**Student:** 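Structure in structure tokens, see below.
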Amino acid sequence: MAALYDFDTAIDRRGTWCIQWDGVADRFGVDGLLPFTISDMDFATAPEVLAALRARLDHGVFGYTTWQQDDFRSAVAHWYATRYGTEIDTGQLVYGPSVLNQLSQLLQMWTGEGDGVVVHTPTYDGFRKAITGLGRELRGVPVGDEEALVRELARPDAKVLVLCSPHNPTGRVWTADELTRMAELAERYGVAVVSDEIHADFVHEGYVHVPWTRVAGAGGGRWALITSGSKAFNFPALTGSYGLIGDPADRAEFLRRMETAEGLASPAVLSLTAHIAAYREGGPWLDAVRAYVAGNLGHVAERLSAGLPELGWEPPQAGYLAWIDLRAAGVDDAELQRVLVERERVAIMGGAVYGAPGFVRLNVGCPRAKVERGVEALIRAVRAVRSVR
């Protein structure tokens, strides 16, 4: 029986104003590289989403739009109930053009210039840009280091913990106990929590995502969960994200900022359309693409085990980003990037972008044939750099 969805056939994204393919020279200085970079996939979105978008386009009228309607709210509630066994309060919903825009608004609400914002390291570069760009002080704590987390949260000027759940770039899925402990610490030290859960829908078999709403606690405290269907269903170019904010006054202030100060009262209607279709009908496609990506990650693990066994690499718990620790290979980051670009003609993100030299981040949200080319290029480059030390 033929597979219901085709993830093997490559779709040519060149010439579509695509950052990953058309913008590769902006980061790597060279055009024409095979890219494994920015966090989007080379797959078309779910057929159900495409059908809904076509139907909306056929309507032909694209006037000002509201997200505060039952079709959208109920679709989000349905998704959380069926995917996470979690009942959400749709009255807590807010909307924004992107997750990072929501983060920026919340940081401006809950911090002042010079205040400390705690993040886990390695750190998604979008967090770093948002935090430091607002004049806040980024304070990193290594993933899994509770001592460091307590120390940073206890500082008097620590105002916000920005949590990436699941974690980007490592693919770590936080356990319920870990999240509960973070919630307790945040409440103890009066630190607000912003939980970015955009990678939640890509948690792999054997792991369970726990939404922040489940651990926020009855004791109050400032918190927000921010996310979007765009990561899992691969439609970030449509823009659009949503969130849940616990405190009514904070929620009202957020909405005021978006509707007046930011002038963003009317969302992109195609984003709303895509979210509703994805959350109501897109589950089977998401399950299929996640299984395909798990196969890609398994292939990477198999080839690295054979080609660079000293790494002992294992697939991440979530996502389609292979976070690979190359420190055991003892290669120089700059030289490795030179060989990858000049000899292998591939673009792979270096770990220094996330504050972690000695690592690389390989995007495997793509057809298997492309993954094969990328991992073989990485193995050859590491061997070449190591052989001339």
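Given the structure is predicted, the values throughout are model-derived calculations rather than measurements.
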**Student:** Check Ala52 against Ala277 and note the closest heavy-atom contact, atom names and distance.
**Tutor:** CB-CB, 3.6 Å
**Student:** Grab the two heavy atoms, one from Trp323 and one from Pro169, that are nearest each other, plus how far apart they are.
**Tutor:** CB-O, 3.3 Å
**Student:** Taking all heavy atoms of Phe62 and all of Val269, pick out the closest pair and write down the distance.
**Tutor:** CD2-CG1, 4.1 Å
**Student:** With heavy-atom distances below 4.5 Å as the criterion, would you say the side chains of Ile131 and Val117 are in contact?
**Tutor:** yes
**Student:** I'd like to check the salt bridge (Lys or Arg N to Asp or Glu O under 4.0 Å) partners of Asp42; sequence neighbours left out, ordered by chain and number.
**Tutor:** Arg13, Lys370
**Student:** I'd like to know if Arg290 and Asp287 make a salt bridge, using a cut-off of under 4.0 Å between side-chain N and carboxylate O.
**Tutor:** yes
**Student:** To the nearest 0.5 Å, tell me how far Leu185 CG sits from Arg188 CZ.
**Tutor:** 5.5 Å
**Student:** Under the 3.5 angstrom rule, does the side chain of Thr273 hit a backbone N or O of Leu53 as a donor-acceptor pair?
**Tutor:** no
**Student:** Answer yes or no: are there more than 12 heavy-atom neighbours, outside Arg343 itself, under 6.0 Å from its atom CZ?
**Tutor:** no
**Student:** Under a 4.0 Å threshold between the charged nitrogen and the carboxylate oxygen, would Arg181 count as salt-bridged to Glu146?
**Tutor:** yes
**Student:** For a side-chain contact (heavy atoms from CB on, under 4.5 Å) check, start with the C-alpha distance between Cys366 and Met41, then their side-chain angles and the critical distance, and finish with the verdict.
**Tutor:** CA-CA 6 Å; Cys366 56; Met41 296 186 284; over 6 Å; no
**Student:** Counting distance only, does the side-chain N/O of Ser98 pair as donor-acceptor with the main-chain N or O of Gly96 below 3.5 Å?
**Tutor:** no
**Student:** Verify side-chain contact (heavy atoms from CB on, under 4.5 Å) between Val94 and Gln102, making sure each step is shown before the conclusion.
**Tutor:** CA-CA 9 Å; Val94 297; Gln102 288 192 75; 3.7 Å; yes
**Student:** Hydrophobic clustering (ILVMFWY, side-chain heavy atoms < 4.5 Å, transitive) - are Leu179 and Val150 grouped together?
**Tutor:** yes
**Student:** Look only at the side chain of Asp22 and the backbone of Arg14, and say whether a donor-acceptor pair between them is shorter than 3.5 Å.
**Tutor:** no
**Student:** Whether Glu253 and Arg257 form a salt bridge (side-chain N of Lys/Arg under 4.0 Å from carboxylate O of Asp/Glu) is what I want to check.
**Tutor:** yes
**Student:** In Å, rounded to the nearest 0.5 Å, how long is the span from NE2 of His275 to CG of Asp71?
**Tutor:** 14.5 Å
**Student:** Going only through I, L, V, M, F, W and Y residues with side-chain contacts under 4.5 Å, is there a path from Val346 to Ile38?
**Tutor:** no
**Student:** Please check if Leu33 and Leu321 belong to a single hydrophobic cluster, counting links between Ile, Leu, Val, Met, Phe, Trp and Tyr side chain heavy atoms closer than 4.5 Å.
**Tutor:** no
**Student:** Which heavy-atom pair separates Ser241 from Thr227 by the least distance, and what is that distance?
**Tutor:** CB-O, 3.2 Å
**Student:** Between the side chains of Thr66 and Gln68, is a donor N or O closer than 3.5 angstrom to an acceptor N or O?
**Tutor:** no
**Student:** Within the distance-only criterion (no hydrogens, no angle test), does the side chain of Asp333 pair as donor or acceptor with the backbone N or O of Pro357 below 3.5 angstrom?
**Tutor:** no
**Student:** Relative to each other, are the rings of Trp79 and Tyr279 parallel, tilted or perpendicular (30° and 60° limits)?
**Tutor:** parallel
**Student:** Hey, are Tyr95 and Ser271 close enough side-chain-wise for a donor-acceptor pair under 3.5 Å?
**Tutor:** yes
**Student:** Parallel, tilted or perpendicular: which one describes the rings of Tyr242 and Tyr80, with boundaries at 30° and 60°?
**Tutor:** perpendicular
**Student:** Testing the 3.5 Å rule here: is there a donor-acceptor pair between the side chains of Gln108 and Ser104?
**Tutor:** yes
**Student:** Cut-off 3.5 Å, side chains only: do Thr123 and Arg128 have a donor facing an acceptor?
**Tutor:** no
**Student:** Any cation-pi pair here, Arg368 with Tyr292, using under 6.0 Å and within 45°?
**Tutor:** yes
**Student:** Side-chain donor-acceptor pair under 3.5 Å between Arg136 and Thr111, yes or no?
**Tutor:** yes
**Student:** Give a yes or no on whether the backbone of Ile348 and the side-chain of Gln337 come within a donor-acceptor separation of less than 3.5 Å.
**Tutor:** yes
**Student:** Does Tyr124 have its ring centroid less than 6.0 Å away from the ring centroid of His167?
**Tutor:** no
**Student:** Report yes or no: does Glu262 contribute a side-chain atom to a donor-acceptor pair with the main-chain N or O of Leu264 at less than 3.5 Å?
**Tutor:** no
**Student:** Short question: side chain of Gln20, backbone of Thr37 - any donor-acceptor pair under 3.5 Å?
**Tutor:** yes
**Student:** Arg214 vs Thr86, test: side-chain hydrogen bond (donor to acceptor under 3.5 Å, both in side chains). Steps then yes/no.
**Tutor:** CA-CA 8 Å; Arg214 296 249 296 270; Thr86 297; 2.8 Å; yes
**Student:** Under a single-linkage definition using a 4.5 Å side-chain heavy-atom cutoff for Ile, Leu, Val, Met, Phe, Trp and Tyr, are Phe359 and Leu362 assigned to the same hydrophobic cluster?
**Tutor:** no
**Student:** Identify, with sequence neighbours excluded, every residue that meets salt bridge (Lys or Arg N to Asp or Glu O under 4.0 Å) alongside Arg139.
**Tutor:** Glu137, Asp157
**Student:** Quick check for you: to the nearest 0.5 Å, what is the distance between Trp110 atom CH2 and Asp250 atom CG?
**Tutor:** 5.5 Å
**Student:** Looking at side-chain heavy atoms only, is the closest gap between Leu244 and Trp212 below 4.5 Å?
**Tutor:** no
**Student:** Is there side-chain contact between Tyr5 and Val289, with at least one heavy-atom pair below 4.5 Å?
**Tutor:** no
**Student:** Work out which heavy atom in Val215 is nearest to a heavy atom in Ala183; give both atom names and the distance.
**Tutor:** O-CB, 3.2 Å
**Student:** Nearest 0.5 angstrom please: Ile11 CD1 to Asp6 CG, how far?
**Tutor:** 8.0 Å
**Student:** Tell me whether Asn296 contacts the main-chain N or O of Val371 through its side chain, where contact means a donor paired with an acceptor under 3.5 Å.
**Tutor:** no
**Student:** Would you say that more than 12 heavy atoms from the other residues, nucleotides or ligands in this model lie under 6.0 Å from the CZ of Arg73, or not?
**Tutor:** yes
**Student:** For the residue pair His204 and Phe202, does the interplanar ring angle fall in the parallel (under 30°), tilted (30 to 60°) or perpendicular (over 60°) class?
**Tutor:** perpendicular
**Student:** Determine whether Cys164 and Glu197 satisfy the following criterion, side-chain contact (heavy atoms from CB on, under 4.5 Å), listing intermediate values before the conclusion.
**Tutor:** CA-CA 6 Å; Cys164 201; Glu197 303 188 10; over 6 Å; no
**Student:** Quick check for you: to the nearest 0.5 Å, what is the distance between Asn101 atom CG and Ile226 atom CD1?
**Tutor:** 9.5 Å
**Student:** What's the shortest heavy-atom distance between Thr90 and Ala77, and which atoms?
**Tutor:** CG2-CB, 3.8 Å
**Student:** Could you tell me whether the side chains of Asn234 and Tyr320 share a donor-acceptor contact shorter than 3.5 Å?
**Tutor:** no
**Student:** Is the backbone of Ile198 close enough, under 3.5 Å, to the side chain of Asp196 for a donor and an acceptor to pair up by distance?
**Tutor:** yes
**Student:** Roughly how far apart are Gln92 CD and Ile245 CD1, rounded to 0.5 Å?
**Tutor:** 9.5 Å
**Student:** Verify whether one side chain among Asp177 and Thr180 offers a donor that lies under 3.5 Å from an acceptor in the other.
**Tutor:** no
**Student:** Should the heavy atoms of other residues, nucleotides or ligands under 6.0 Å from CD1 of Ile19 be counted, would the total exceed 12?
**Tutor:** no
**Student:** What about Trp174 and His120, are their ring centers closer than 6.0 Å?
**Tutor:** yes
**Student:** Short question: side chain of Ser230, backbone of Phe235 - any donor-acceptor pair under 3.5 Å?
**Tutor:** no
**Student:** When hydrophobic residues are tied together by side-chain contacts of less than 4.5 Å, even through go-betweens, does Val141 share a cluster with Leu107?
**Tutor:** yes
**Student:** Is any side-chain heavy atom of Glu376 closer than 4.5 Å to a side-chain heavy atom of Arg380?
**Tutor:** yes
**Student:** Report yes if some heavy atom in the side chain of Val360 is under 4.5 Å from a heavy atom in the side chain of Met349; otherwise report no.
**Tutor:** no
**Student:** For Arg256, is there an ion pair with Glu259 - N to carboxylate O distance below 4.0 angstrom?
**Tutor:** no
